[in-house]
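Not measured: the values here are computed from a predicted model. Just follow the structure's listing: the first ligand is 1, and inside any ligand the first atom is 1.
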Amino acid sequence: MPARTPIVAANWKMHKTVAETEAFLDRFLGGIEQLEGVELFVCPPFPSLPAATERCRRSRVMVAAQNMHAEPHGAFTGEVSAPMLLELGVDGVILGHSERRAMFAETDEALASKVPAALGAGLTPILCVGETEAERDADRTEAVLGSQVEADLAEVDDDRLADVVIAYEPVWAIGTGRNATPEQAAEAVAFIRSLVAGRDQHAGGSIRILYGGSVKPGNAAELLAAETIDGALVGGASLRPGDFEEIALAAADSSASPAESSGSGADGAAGSQPRTAPSSLAPPIFPKVQTGFPCPRSRWSFSMAGAWLRMARATRSPRRPRPCSTSSGRATRTRPCRRAGATSACPMGRWATPRSVT
Ligand code: PEP
């Protein structure tokens, strides 16, 4: 039975010099020595990484960078690579944060290379996905999340999917003080989990999916109580050691006594055990359609897929088969479907079956 230990990660963005990093960790590490049942990351800016890895070496706190290039070396002025981070003793890397997507032109195409590059180097990728306020208002949340998750994980082998950490970060909740409600967060995280489970059922039960967006000591317990949410990516509140410690405590508590989330049910983890994935995963939301799923490789067909998902949930009946095609009408086959027994012509056929997993 796969166990999902929650993760709480501190995204310091462009805050904290070397001296400030050392001061933070001198205080924070003392406070969390006894804390169990939660994995902790601090993610300082590049120049502070050596100080962080040095301070954290004999602690249980891990260190992640905030970005990296997919290539190990080359003519990429201003970039850093996975081997360079590894040499510093770094454990992970945030990828696809909405600030990088919005302000530094980070694309899903680049992320599709970065995520497997991080995994291949031995770094834990913390992949951020999330919709803007306009996209939520237009009822496009699932379409956006689906397209980001599908594209960013496209080059990750099925047997490595569970090694990725995903952070659901609604853009409208980041740095605004306006967090998603626990229901909104749980619903989006459950949707992301169902996407991963549709590609690989085991990974859907094992992958850690965090919530991020204005998490603070006052709302952490409520947000992390949902069974399907496995921790938090924290920005502003993580800059203060006392606040970050309180959030870490809330995550540890949530793994010790999971609460029921809306509709997903408890998984039976109790006492000081980490939350666990269900022993037999729930059946798919709707019957598997090996052929005829709209090809999510194209954005057009993926948004159609979102509409179809909603319809399928409502009716619980499979959709009439139709060929995988792009908006131009030409079928594309860029890579074979690796799902056992799949016969779909859709090049992303392994994404074709979202599954209900808590
Ligand atoms: C973030 O930047 O990842 C984040 C969640 O920020 P904040 O907690 O400040 O909203």
Side-chain angles (χ1 to χ4, degrees), residues 6-16 20-21 24 28 38-46 48-49 52 61-68 91-106 111 114-115 118 124-133 135-136 141 144-145 148-149 152 164-182 184-186 188-189 192 208-224 226 229-251 254:
I7 293 175
V8 176
N11 176 16
W12 287 351
K13 314 191 187 200
M14 199 172 72
H15 293 287
K16 294 204 187 293
E20 288 164 347
T21 297
F24 177 101
F28 179 70
V38 60
E39 288 176 19
L40 300 169
F41 279 87
V42 292
C43 315
F46 289 128
S48 298
L49 286 170
V61 175
M62 289 174 279
V63 178
Q66 298 174 17
N67 184 31
M68 60 165 239
D91 307 284
V93 58
I94 297 175
L95 293 173
H97 191 279
S98 63
E99 286 154 13
R100 295 214 61 81
R101 290 179 191 257
M103 292 187 263
F104 302 100
E106 181 83 286
L111 290 164
K114 290 184 180 193
V115 178
T124 297
I126 303 174
L127 172 68
C128 302
V129 296
E131 81 288 358
T132 63
E133 185 161 30
E135 288 163 344
R136 176 164 281 267
T141 299
V144 171
L145 294 178
Q148 290 176 341
V149 169
D152 300 350
V164 178
V165 175
I166 298 179
Y168 166 60
E169 296 213 307
V171 179
W172 46 271
I174 296 178
T176 59
R178 187 183 143 212
N179 58 280
T181 66
Q184 287 171 325
V189 168
I192 294 168
R208 264 93 59 92
I209 308 180
L210 320 181
Y211 166 76
S214 297
V215 176
K216 36 193 178 264
N219 61 20
E222 194 188 15
L223 280 163
L224 301 183
I229 300 178
D230 302 318
L233 180 56
V234 188
S238 74
L239 296 171
R240 297 174 290 276
D243 285 1
F244 190 51
E245 186 182 328
E246 277 192 55
I247 295 168
L249 274 168
S254 79

Colleague: Taking 4.0 angstrom as the limit and counting only heavy atoms of Ala173, give me the atoms of ligand 1 inside it, by number and element.
Modeller: 10 (O)
Colleague: Quick one: does ligand 1 sit under 4.0 Å from the side chain of Asn11, the backbone, both or neither, non-hydrogen atoms only?
Modeller: side chain
Colleague: Rounded to the nearest 0.5 Å, what's the gap from CZ on Phe104 to CD on Glu99? Could you check?
Modeller: 8.5 Å
Colleague: Measure the distance from atom 8 (O) of ligand 1 to every protein heavy atom, then report the residue, atom name and distance (to 0.1 Å) of the closest one.
Modeller: Gly235 N, 2.8 Å
Colleague: Can you tell me which residue and heavy atom of the protein come closest to atom 1 (C) of ligand 1, and the distance to 0.1 Å?
Modeller: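 Going atom by atom, the protein heavy atom closest to atom 1 (C) of ligand 1 ends up being His97 NE2, 3.2 Å.
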Colleague: Which part of Cys128 is near ligand 1, with near meaning a heavy atom under 4.0 Å away: side chain, backbone, both or neither?
Modeller: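 None of Cys128 does.
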Colleague: Below 4.0 angstrom from a heavy atom of Ser214, which ligand 1 atoms are there? Numbered from 1 as shown, please.
Modeller: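 Every atom of ligand 1 under 4.0 Å from some heavy atom of Ser214: 7 (P), 8 (O), 10 (O).
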Colleague: Flag Gly236 as yes when one of its N or O atoms lies below 3.5 Å from any N or O atom of ligand 1, and as no otherwise.
Modeller: yes
Colleague: As a check for students: among Glu169, Glu99, Arg178, Lys13, identify the option with a heavy atom nearest to atom 5 (C) of ligand 1.
Modeller: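 Looking at heavy atoms only, the winner is Glu169.
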Colleague: Which atoms of ligand 1 have any heavy atom of Gly175 under 4.0 Å away?
Modeller: 7 (P), 9 (O), 10 (O)
Colleague: Using the six-membered ring wherever Trp is involved, compare the ring planes of Trp12 and Phe24 and label them parallel, tilted or perpendicular (cut-offs 30° and 60°).
Modeller: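 Trp12 and Phe24: perpendicular rings.
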Colleague: Can you name the salt bridge (charged side-chain N to carboxylate O under 4.0 Å, His left out) partners of Glu133, sequence neighbours left out?
Modeller: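 Expected list: Arg178.
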Colleague: What atoms of ligand 1 come closer than 4.0 angstrom to any heavy atom of Leu233?
Modeller: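 In order of numbering, the contacting atoms are 3 (O), 5 (C).
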Colleague: What atoms in ligand 1 come closer than 4.0 Å to a heavy atom of Ile174?
Modeller: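 Listed by number with element, the hits are 1 (C), 2 (O), 4 (C), 6 (O), 10 (O).
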Colleague: When rounded to the nearest 0.5 angstrom, what distance separates CD in Glu169 from OG in Ser214?
Modeller: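 Spacing of CD (Glu169) from OG (Ser214) equals 10.0 Å.
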Colleague: Going by distance only, is there an N or O of Gly213 that falls short of 3.5 Å from an N or O of ligand 1?
Modeller: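 No: no nitrogen or oxygen of Gly213 is under 3.5 Å from one in ligand 1.
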Colleague: To the nearest 0.5 Å, tell me how far Leu95 CG sits from Lys114 NZ.
Modeller: 6.5 Å
